[in-house]
Amino acid sequence: MSKQFKNPTEDPLWLKLLLGAVALGFIAILLLLPLALVFKEAFADGVTTFINAIKEPDTLSAVKLSLIAAAIAVPLNTVFGIAAAWCIAKYDFRGKTILVTLIDLPFSVSPVVAGLIYVLVFGAQGWFGPWLVEHNIHILFALPGIVLATIFVTFPFVARVLIPLMVDLGRDEEEAAATLGATGLQTFLRVTLPNIKWGLMYGILLCNARALGEFGAVSVVSGHIRGVTNTMPLHVQLLYDNYDYAGAFAVAALLAMLALLTLALKSLLEWRYADELAASHRH
Amino acid sequence: MSLVVDSITKKFARFPALNGASFVAPQGAFVSLLGPSGSGKTTLLRILGGLEFADSGSVRFADLNWLDMPARTRNAGFVFQQYALFKHMTVADNIAFGLRVRPRAQRPSKADITKRVTELLALVQLPGLDARYPSQLSGGQRQRVALARALAIDPRMLLLDEPFGALDAKVRKELRADLRRIHDHAGVTTVFVTHDQEEAFAVADLVAVMKDGRIEQFGTPQDVRKNPKTAFVSEFLSA
Amino acid sequence: MSAIGLKFAAPLLKRRHVLPGFRLSLGFTLFYLTSLVLIPLLALLLRPVSLGFDGFWHAIATPRVLASLRLSFGMAAAAAVIDSVFGLVIAWVLVRYRFPGKGLLDAVIDLPFALPTAVAGIALSSLYAPNGWVGKILIEYGIRIAYTPWGVLVAMIFISLPFTVRTVQPVLGELGQDVEEAAATLGATRLQTIAKVVLPMLVPAILTGAAMALARAAGEYGSIIFLAGNIPAVSEIAPLLIITKLEQYDYAGASAIGVVMLAASFVMLLALNGLQAWAAKRR
């Protein structure tokens with residue numbers, strides 16, 4: 001019987017314990033503690049207080065506005081993501097690399113700058129400002145501005161999941177369908193879509209989470225009119241600044257639940273459809 | 001001073017990989033472990049290298065209780081099927097790695113390391129490539145560098161795990177001849193895993209034909225070829 | 001717009017294709033990208049032109065603006081370094097060690113992506129306030145986080161952590177075991193193997209993660225403003241100053257800061273592309 005050694009690629013126990021403790025401690029203090037605090041503050045005075053805070057008319061209208069903005073922005077970015085991934089994955093054309101870089105651009109722009117650019121286009125001193133005033137069209141400090149800002153910050157989400165996925169899938173199946181007489185739409189619906197549906201769901205999930213939670217960009221264009229142009233995150237700020245901590249943390253808890261649901265669904269998709277999503281993670 | 005492998009067993013989670021494998025080879029011999037996949041040849045090689053651990057059995061080599069030493073102190077050069085070169089290091093740094101990680105007292109001087117690297121590059125017939133990165137080399141060249149890296153530590157034993165498996169037929173033949181020449185030059189006891197009988201017979205002094213974690217037959221290539229001891233060996237050799 | 005797209009689409013193609021939909025998908029992609037992202041960004045980039053170089057310089061070179069830029073980028077760099085270290089440790093623990101609850105821990109890493117920044121902001125603020133769970137302990141050692149520039153740093157560390165973990169994690173996972181085994185057979189100790197073999201191979205991923213963390217943190221607004229004191233020239237970040245200037249109808253001043261931040265994003269994007277090309281070459 002030979003003496004047992006540790007596997008040469010295994011870390012010594014002291015290192016495992018040290019790194020494990022550092023990682024766990026950092027995650028606990030940095031990530032879990034704030035999360036715990038949100039729920040503790042929201043439910044400190046019981047569930048009834050929480051529900052009453054949510055049932056405030058201004059809060060409900062903020063929820064409604066956030067849902068409407070997401071319901072417009074997410075489908076538009078989804079259609080864009082599919083179109084962009086289709087032309088990038090299925091054809092070779094000049095300037096493709098530049099196109100991919102430009103699609104990613106909104107991710108590296110500060111949300112506040114994202115809001116600012118729409119102010120410069122549609123604001124009173126902006127390019128179309130005077131014309132809009134003349135025709136009594138409201139974009140800034142109204143729903144269209146909020147939707148535009150939301151579209152900008154969530155712009156690449158679906159595209160960036162779908163592009164690597166569809167590039168990896170290649171063109172063979174679509175070309176086979178074409179030789180069998182399928183139209184373009186039939187090919188897309190019957191061949192492409194089934195192959196990318198989980199990736200598509202994944203992208204939509206992330207896009208939706210960001211759309212509902214966006215703060216900086218929307219803050220610039222919304223005008224903060226209570227009960228009218230305040231989205232959920234903006235309403236959190238308003239309540240918090242007015243020392244209504246119970247109300248602020250109630251809405252915050254609602255948003256945190258949404259975030260946790262998103263994380264759970266995301267983990268489920270990653271675990272269940274690991275192979276289908278593998279391409280998106282390699283990039 | 002010979003290599004004595006005695007009744008090695010090893011069980012993985014479900015299936016037994018080695019079922020009492022034994023052989024004795026003289027110091028400086030070139031041994032091929034030959035067998036189909038799943039016969040336990042790579043597991044046996046990794047146990048010799050200290051990368052895997054036997055459940056029971058023993059190995060004596062150079063008057064050392066071989067299995068009682070960790071991989072790091074065995075001084076066994078190991079050549080991997082997929083080269084396992086350090087991609088962020090130049091060819092020269094790859095070859096010098098084993099010398100540079102030695103404790104300061106045993107570490108050769110910088111000049112000596114450079115000299116040794118140059119010698120080894122000449123030995124594996126890649127002179128002048130010291131500044132290249134692995135990604136700039138062909139598969140055959142990479143495996144030559146891996147061989148030079150394993151030889152740099154003046155190994156007590158040289159272990160090769162299907163080293164030519166990823167290469168095309170022509171390069172395999174060249175490398176095989178070079179490996180034999182290098183072995184004869186260095187005189188180091190060598191164990192070589194392959195599933196290609198032609199390769200095993202062409203290069204080795206002794207061949208161990210393996211099946212189901214056991215050594216079916218052990219002998220010189222001529223002996224094994226002429227007198228297959230079991231039905232499996234004769235069937236495997238005629239395949 | 002799409003009519004122009006149609007005319008230009010065909011000569012762009014490098015070869016003829018069987019699949020239909022190229023003109024439609026590329027046309028829509030370009031139209032959507034141009035109208036929602038590129039033209040608004042152009043509105044910002046052209047501002048300094050109308051401002052004149054002197055006017056632009058005048059708007060930037062005030063102590064308050066320079067201090068805000070220094071704070072945003074300086075703290076973002078510090079946060080990127082801190083997150084790179086802890087991100088590496090967390091990625092190491094998640095990839096290399098096996099322990100119960102690992103899946104949950106892995107999912108929690110993305111919390112800063114999923115949690116709206118306003119929620120993170122009020123939670124961190126309550127946590128690090130002098131009477132908060134963490135602030136209470138720190139104040140005994142004379143450390144104040146909330147309403148100081150250190151608050152900016154803490155919020156940035158929070159929101160940027162996922163970038164550093166998620167860029168290192170897959171690379172670490174794909175690193176072949178055989179390289180570490182080779183180092184062991186060549187006589188390296190476990191620590192030598194980690195320091196000389198594993199870490200150098202992770203360098204491109206670590207740098208990429210750090211660059212993404214830096215970009216995100218420098219542009220961050222939502223989570224910071226609740227935690228920092230927002231005192232001009234002390235704890236006022238650049239995005240906040242943009243909003244302040246917009247509220248004072250100082251479009252020129254706001255745009256000037258916006259242009260600097262946008263230029264910084266472009267530089268980061270270029271650096272990231274360069275990093276990726278370098279990493280691909282070493283693979």
Side-chain angles (χ1 to χ4, degrees), chain A residues 8-9 11-12 16 19-20 22-23 26-27 30-31 33-35 37-38 80 83-84 86-87 90-94 102 105-106 108-113 116-121 125 127 151-152 155 174-175 178 184 209 213 215-216 220 233 236-237 240 248 252 255-256 259 262-263 267 281, chain C residues 12-15 17-22 25-26 28-29 32-33 36-37 40-41 43-44 47 86 89-90 92-93 97 105 107-108 110-111 114-120 122-124 126-127 158 170 177 180-181 184 190 215 219 221-222 239 242-243 246 251 254-255 258 261-262 265 268-269:
Chain A
T9 58
D11 294 341
K16 280 188 183 178
L19 295 183
V22 169
F26 195 71
I27 291 170
L30 190 74
L31 304 183
L33 221 49
L35 190 67
L37 182 122
V38 169
F80 164 73
W86 179 268
C87 64
K90 307 292 174 195
Y91 311 95
D92 302 307
F93 56 92
R94 290 179 192 86
L102 287 177
L105 188 60
S108 42
V109 173
S110 168
V112 170
V113 173
L116 170 68
I117 59 177
Y118 290 110
V119 173
L120 295 179
V121 174
Q125 296 182 38
W127 283 359
I151 286 178
F152 188 96
F155 193 85
E174 282 81 2
E175 285 174 355
F215 180 76
V220 176
V236 170
Q237 182 191 24
Y240 191 80
L255 285 165
T262 302
L263 286 186
S267 298
H281 282 273
Chain C
L12 272 174
L13 276 179
K14 286 180 178 161
R15 62 187 179 88
H17 281 268
V18 189
L19 299 175
F22 177 64
S25 60
L26 186 67
F28 178 72
T29 301
Y32 195 79
L33 179 72
L36 288 168
V37 174
L41 281 175
L44 175 61
R47 272 278 154 166
F86 285 98
V89 172
I90 292 169
W92 187 274
V93 169
Y97 303 160
L105 202 67
V108 162
D110 284 326
L111 187 70
L115 196 69
T117 53
V119 177
I122 66 166
L124 290 172
S126 304
L127 212 52
F158 175 87
Q177 182 112 329
E180 289 170 60
E181 289 178 347
R190 183 65 190 146
Y221 170 72
I242 292 180
I243 290 191
L246 276 180
Y251 279 40
S255 310
M261 300 213 58
L262 195 60
S265 326
M268 297 300 305
L269 207 62

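Given the structure is predicted, the values throughout are model-derived calculations rather than measurements. Just so it is clear: chains get the letters A, B, ... in the order the sequence lines come, proteins before strands, and each one is counted from 1.
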K.L.:
Of the backbone (N, CA, C, O) and the side chain (C-beta and beyond), which part of C/L262 lies under 4.5 Å from a heavy atom of chain A, both, or neither?
P.N.:
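For C/L262, side-chain heavy atoms alone lie under 4.5 Å from chain A.
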K.L.:
Between C/S265 (side chain) and A/S108 (backbone), is there a donor-acceptor pair under 3.5 Å?
P.N.:
yes
K.L.:
Checking the side chain of A/Y118 only, and the main-chain atoms of A/V220 only, is there a donor and an acceptor separated by less than 3.5 Å?
P.N.:
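Not confirmed, A/Y118 side chain does not pair with A/V220 backbone.
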K.L.:
Check whether A/L30 gets within reach of chain C through its side chain, its backbone, both or neither, counting any heavy atom under 4.5 Å.
P.N.:
both
K.L.:
Given a strict heavy-atom distance threshold of 4.5 Å, which part of C/L41 is in contact with chain A: side chain, backbone, both, or neither?
P.N.:
both
K.L.:
Checking the side chain of A/Y91 only, and the main-chain atoms of C/F22 only, is there a donor and an acceptor separated by less than 3.5 Å?
P.N.:
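Such a contact is found between A/Y91 side chain and C/F22 backbone.
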K.L.:
Checking heavy atoms, do the side chain of C/L115, its backbone, both or neither come under 4.5 Å from chain A?
P.N.:
both
K.L.:
Angle class for the C/F86/A/F26 ring planes (parallel below 30°, perpendicular above 60°, tilted otherwise)?
P.N.:
parallel
K.L.:
For C/M261, is it the side chain, the backbone, both, or neither that has a heavy atom closer than 4.5 Å to a heavy atom of chain A?
P.N.:
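Only the side chain of C/M261 comes within 4.5 Å of chain A.
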K.L.:
Please classify the contact of C/A114 with chain A as side chain, backbone, both or neither, using a heavy-atom distance under 4.5 Å.
P.N.:
both
K.L.:
What part of A/F152 is in contact with chain C, defined as an atom under 4.5 angstrom from a non-hydrogen atom: side chain, backbone, both or neither?
P.N.:
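When you check distances to chain C, only side chain atoms of A/F152 fall under 4.5 Å.
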K.L.:
Using non-hydrogen atoms and a 4.5 Å limit, figure out which bit of A/P106 sits close to chain C: side chain, backbone, both or neither.
P.N.:
side chain
K.L.:
Using non-hydrogen atoms only, which part of C/F158 is less than 4.5 Å away from chain A: side chain, backbone, both, or neither?
P.N.:
both
